[in-house]
Each structure stands twice: as structure tokens, then as C-alpha cells.
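Here's the structure, in C-alpha cells; my notes come after.
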Number of protein chains: 2
Amino acid sequence: MSDHPDPVLRLLWRYDDGAAPSTRRGRKQRLTVDDVVDAAVRIADRDGLPGLTMRLLATDLGLGAMSLYTYVPGRDELVVLMVDRVLGRRELPAMPDDLPGRMALIARVQYEICQEHPWLLEISGLRAWVGPGASDLYEWQLSGIEGVGLDDIEMDQTVALLAGFAGSVVRAQQRMRQDERTSGLTQAEWWAANADELGVVMAGREYPLAGRVGATTGEAYQAATDPAREMEFGLARIIDGLVAYIEGKRSATS
Amino acid sequence: MSDHPDPVLRLLWRYDDGAAPSTRRGRKQRLTVDDVVDAAVRIADRDGLPGLTMRLLATDLGLGAMSLYTYVPGRDELVVLMVDRVLGRRELPAMPDDLPGRMALIARVQYEICQEHPWLLEISGLRAWVGPGASDLYEWQLSGIEGVGLDDIEMDQTVALLAGFAGSVVRAQQRMRQDERTSGLTQAEWWAANADELGVVMAGREYPLAGRVGATTGEAYQAATDPAREMEFGLARIIDGLVAYIEGKRSATS
DNA sequence: TAACTTTTTCGTACGACGTACGGAATAGAT
DNA sequence: ATCTATTCCGTACGTCGTACGAAAAAGTTA
């Protein structure tokens, strides 16, 4: 039974059952699973997850649509493979010496991965399979906060906090980009163009704080060309809080 | 032109153009837009966003499928209305006196909204329209951190940080629930049942940290029946970091 | 009351999607 | 040369959002 693992697990780990490739009968596959997954990633990077259709992927690979199903059981499983692939493909930089720097790096790598593959944030309703890519990344993330005084559960929560925050930032940016794409206007331009319409439609409702803050951020984001800087405020606060917690724990036990 | 606002804006704010209802000719609508949106929310709460189909919603309302399009331009716009509806439907509690408590409350309300309407986290690729529900919520969130020494941009980022974190936590929980639903096993049960298969398939790869931390958290999450407690660690760190920043700013200017 | 106008209702249909099915093609084993 | 295992892929089914146009209903006007 351990010779017949879950087909998704087998695919994720590219486990080929130990069968000697010389004894494999029948027609040969023209491509590899990696070819299929890589092509799928390219399409999703360009067109988003809904733009990744089995037919498009197949023709992109020079195959008939149904031939894909000899490589992959279905679309959902393909997405699982894509996720693990992009998590594992990035080479993981060496951890710096200072703890805050290591925490920032964990967040920044997650940020860049999500940035390069925005469809990662569109996924939902899928199981969280454990593959080599996710495992390598998780191991690397943990190595950045190992031995600083956190217990295992706190380590897991810390990684989740840093990575989750990075995802949130990218999500916010994507929403902004989406707005600009569909409206053809920047954030500030849209508000300027629709200010009177909004006034009519809101019909007397007052939002003193939201109005003031919205106006200020609207102006600021118009000029902010470096999207990476949007992460700095939150990340700095999170790292401060984490470091303070760790130092508090240390001084309590010493 | 300000009499003909964007149809989505008009719907969001239920702006009926000031036309006297007595002069409206033609067959009468059997339902209201709110009826449609509420029914859609009920379905999405139960079946998720992919389970919300126009045909199902229509029969649920006793309408033909195409009759929905007299209430709403299309499915995407319906989802926009649903979002604003559930953001605005929650009554917003009074803010406590202490700043950390107000920050925690902002996160907790966001957490509960996401928890009650998990489909909120499945949405992507849609514009972020500004409606009364979102505006009310944003105004309330800002009121919790107004006058503490943050500038407008920092206030926006603080709210985003707290709300984004809450969303991340719910997302993680949903993924866990999804795993349990599709596998029929709890986290710990799955790892116990698949440990040997994983060993075979991983074929010599070593994950010392991930293995140790994964085992510990797996055990812990098996027993943790109160999902709300998963938020405490991260939220406490974030609030610590925010409060420290604000105090630092205060002492610098005084 | 009858004719007209406006709006809602909804049956039908189209194109796109994931993919089940079964036959044709191809390779190694016998 | 035959058998068997495997890949390839054309066809087709059910589901989705929704375009289109006819039928039904309600107010306005003659």
C-alpha cells in the first residue's frame, strides 16, 4: 500500500514508483509533467487563473485537449502542481545575521513570489498538499527563526504572520491595479472624475474620516511609483512586535 | 451627466434617480434588489461562491434565470453588491477606551465578517467599488485610531494591516477545514495515515525543522477546538508593534 | 374602453468551460 | 508477426454566464 501512494502525492514528488523505465511498454509521452506545469504557469502569469483553460494549455503545448489528462488527473490537480512548482523554483537567499533582517527577508521573498505569480492569491477551495516546493520554502522560512526562543507553535505562527502579511499587501496592490485596468484611470483620476457623481449618489451621507483619509492616500498613491514601499510600514510594526515578544521571553527566563 | 451615474454606483447606493415612483410605467418588479442580494448571500454562505449560479439563485427566488438581469447587470455586479451588503449589515460596536482594545476590535470584527461569509475571501479580479457598507465600515475602523498621532496614510495602512491579518487567519482556517472536508480526516489523522506514504515518496529528502514544527502544530491543532484563539498570537504582536510606534512618535514630538 | 408605451418576465440558444468515453496510433514484449 | 500497454485525441455531454426576442402586465392616453 505504501507502493501506491495518493496519485497527487506521487505527482507532487515526481515519484515514479521505482519501475525501471526500460520495461515501460506503450507509446511514449512527448512531454514531461514539468513541461505541462511550466507552460501552465506561464499562461497563468500572463492571463490569470481563469485564463488558464485546458484547451488553451493543450494547444500551447501542441497537444489535443484530452491528452493533458495523461499527464495530470484534472485542472485542480494541475493547479496544485503549479503552486508547488513556483514555491520551489525560487532560489532561497542566505539568511542574514540579524533576526529582524531574517524576518524581513521571509516576508520579502513571499512578497516577490506572490508578485511574480499573482494567480497564487486567486486560488481557493483547494487542498493544501505538501510538496517539495512548499516544504523547501517552509524549511527555509523556519530556519530564519530557529533558535531564537520561540517554541514550535510560535514559529509556525510567526511564519504564517509574515507570509500572510506579504500576501495581503500584494492582494491590495492587485486590487488597485485591477481598478486602474478596468477603469482606465489611476486611483486619483477616478476620484476626481467621479467626485460629483459620488456626491449625488451618496445623497447626504457623511464620511468625515473616510473622506479625509481617502483623499490623502489617493494623492499619495498616485505619486508612489515604487510599490515595494507600501510594505514597509506594516512589516516594520510586525517585526517590532515579534522582536519585543522574543526579547520579553528571553529576559523572563534568564 | 451627474444625473446618470455609473449603473454600479447607482445600484450600490440604491440611488433611484429621484424619479417619482408614481410615474413609473410598465410591469412591476416582484422583488427588490435587496431581496436578490440577500438570497445570493444566503446561497454563497452555504455553497461558496462557485455554488452561486444565476439559475440556482433565480429558482430560489421563484424567477426565471433571465429575470435576474432586470435587477442586476450581471453576476460580477451582483457579487459587488453582496460584498457591500455584508460589510454594511453588521452593526458596529462602540469603540472601547483603550487603543489596543480598539485595534483588537477592528481586527475581530473583520475576522467575524470573514468567518460568517467565507466567500468574501474567494473573490478576486473584481473592482473595489465604494459603497455604503464599505464606507460605513471604513469610517468606523478609522474612528478607532483617529487622534492617536498617526497621519492619514498611516491610519489607512494600520486599518489595512489589522483587517488584512484577520483575513489571513480566516483563510488559513478555511484551508484547514477544506482539507478535513475533502480527506475526511483531521489534520493529525491525515498525517498519521499518510506518514509512511510520504516517507516513500519523499525518498530521502530531509526537512528537520518542517518535520518537527509540523508534527507539533499538527498535534496542537487537533486539540484546539476554539478557532478564535489562533488569532491571538499574531494580533498581539501587531498591536504591540503599532502601539510602540505610536508611543515613539509621541515622545519624539513632545 | 381601446390603443399605445414602457417595463418585466422568461424560453431558447450560443459559446466556453471541464472532462467522460472510446477508438486510433504507437511502442516494447513475446 | 502478434500481443499488450500506453498515449493521443475527436466527439460529445452537462454546466456555466448571458444575448436575444417574444409574451405578459401595468400605467398613460385617446
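So you know, we letter chains A, B, ... as the sequences are listed, proteins then strands, and number each from 1.
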Open item on the list: Under 4.0 Å, heavy atoms only, any strand: does B:Thr53 hit a base, just the sugar-phosphate, or nothing?
Closed with: sugar-phosphate

Open item on the list: In whole Å, I'd like the distance from the CZ atom of A:Arg55 to the C1' atom of D:dA12.
Closed with: 10 Å

Task: N/O donor-acceptor pair under 3.5 Å between A:Glu139 side chain and B:Ala210 backbone - done: yes

- [ ] Could you tell me whether the side chain of B:Asp84 and the main chain of B:Leu12 form a donor-acceptor pair under 3.5 Å?
- [x] no

TODO: Let me know the distance between CD of B:Glu77 and C1' of D:dT18, rounded to the nearest Å.
DONE: 12 Å

- [ ] Using the closest heavy atom to pick a nucleotide of DNA chain C for each, name whichever of A:Gly51 or A:Met66 lands nearer the 5' end.
- [x] A:Gly51

- [ ] Give a yes or no on whether the backbone of B:Leu198 and the side-chain of A:Trp13 come within a donor-acceptor separation of less than 3.5 Å.
- [x] no

TODO: Examine distances only and state if a side-chain atom of A:Ser67 and a backbone atom of A:Leu63 form a donor-acceptor pair shorter than 3.5 Å.
DONE: no

Task: Whole-Å distance separating the CG atom of A:Leu61 from the P atom of D:dC8 - done: 11 Å

Task: Touch class at under 4.0 angstrom, heavy-atom based, for B:Leu56 against every strand present - done: nothing

Task: B:Ala65 or A:Ala65, whichever maps to the more 5' nucleotide of DNA chain D - done: A:Ala65

Just the atom pairs and distances: protein N or O near nucleotides 6-8 of chain C's N or O, under 3.5 Å.
| unit_1 | atom_1 | unit_2 | atom_2 | d |
| --- | --- | --- | --- | --- |
| C:dT7 | O2 | B:Arg27 | N | 3.4 |

Open item on the list: Just N and O in the side chain of A:Ser67: are any of them under 4.0 Å from OP1 or OP2 of D:dC9?
Closed with: yes

Open item on the list: How many whole angstroms separate atom CG of A:Leu57 from atom P of C:dT19?
Closed with: 12 Å

Task: A:Asp38/A:Arg89 ion pair, N-O < 4.0 Å - done: yes

- [ ] Using atom CG of A:Leu68 as one end and atom P of D:dC8 as the other, report the distance to the nearest whole Å.
- [x] 10 Å

Task: Ion pair B:Asp35/B:Arg30, N-O distance below 4.0 Å - done: no

TODO: Without swapping roles, check the side chain of A:Glu219 against the backbone of A:Ala188 for a donor-acceptor pair under 3.5 Å.
DONE: no

- [ ] Can you tell me the distance, in whole Å, between the CE atom of B:Met54 and the P atom of C:dC17?
- [x] 20 Å

Task: Whole-Å gap separating C1' (C:dA16) and CG (A:Leu52) - done: 14 Å

